[in-house]
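Step one of this worksheet: look at the structure below.
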Amino acid sequence: MKKEILSIAALCFAAVAFAQGNESAVTQTGTNNLTEVDQNGNGNVANAEQGDQATGTNGTNNQAYIVQTNFNNEANVRSIGSGNTVRQT
């Protein structure tokens, strides 16, 4: 039983250690905005802004999908207005 618990703990620690190093920041102003970020690997950075924080312009019904695999990818999405869809891989 001790071996099983230690093995499970080691796997959980390895999964957390492997997932470190990715960053994601999402800023949304308005309603019905959707952002999905999927990062696999290390050193990935994803930034998404829907609406315009500087001018206070709201956005509605914007969608952003960001998929990053491997290492050191960077994605920046900025949707101003309404009804925008962005897919970035």
Side-chain angles (χ1 to χ4, degrees):
M1 184 68 171
K2 282 185 178 181
K3 287 183 181 180
E4 289 176 3
I5 292 173
L6 289 175
S7 296
I8 291 170
L11 285 172
C12 290
F13 178 76
V16 169
F18 181 73
Q20 291 178 348
N22 292 322
E23 297 177 24
S24 177
V26 176
T27 305
Q28 296 175 317
T29 304
T31 58
N32 296 324
N33 294 310
L34 169 72
T35 299
E36 291 183 13
V37 177
D38 184 12
Q39 295 173 314
N40 296 304
N42 284 319
N44 297 310
V45 177
N47 298 302
E49 180 182 355
Q50 294 173 324
D52 191 350
Q53 294 292 309
T55 62
T57 304
N58 291 337
T60 57
N61 300 317
N62 293 307
Q63 299 176 355
Y65 302 94
I66 300 170
V67 178
Q68 297 174 314
T69 55
N70 295 322
F71 306 97
N72 302 318
N73 296 298
E74 184 174 341
N76 295 293
V77 174
R78 188 170 186 205
S79 300
I80 299 175
S82 297
N84 298 301
T85 300
V86 178
R87 295 184 191 280
Q88 191 168 20
T89 58

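In what follows, every heavy atom counts, from backbone to side chain, and hydrogens, waters and symmetry copies are set aside.
Atom OG1 of Thr27 sits about 8.5 Å away from atom CG of Asn47, to the nearest 0.5 Å. Between the CG atom in Asn61 and the CG atom in Asn33 there is a gap of 7.5 Å [rounded to 0.5 Å]. With rounding to the nearest 0.5 Å, the separation of CD1 in Ile66 from OG1 in Thr35 is 7.0 Å. Atoms CD and CD, on Gln63 and Glu36 in that order, are 8.5 Å from each other to the nearest 0.5 Å.
For Asp52, the side-chain contact (heavy atoms from CB on, under 4.5 Å) criterion is met by Glu49, Ala54, Thr55, Thr57, Arg78, Ile80, not counting sequence neighbours.
Contact check for Leu34 versus Tyr65: side-chain heavy atoms found under the 4.5 Å cut-off.
In terms of modelled atom types and a separation under 3.5 Å, the side chain of Asn58 and the main chain of Thr31 share no donor-acceptor contact.
The nearest pair of heavy atoms linking Ser82 to Thr60 is OG-OG1, 2.9 Å. Between Ala46 and Gln68, the shortest heavy-atom contact is CB-OE1, 3.9 Å. Between Gln50 and Ala64, the shortest heavy-atom distance links the atoms NE2-N, 3.6 Å.
Of the listed residues (Val37, Asn70, Asn73), just one forms a side chain to side chain contact (heavy atoms under 4.5 Å, CB included) with Asn44, and that residue is Asn73.
Judged by distance alone, the side chains of Gln39 and Ser24 never bring a donor and an acceptor atom under 3.5 Å apart.
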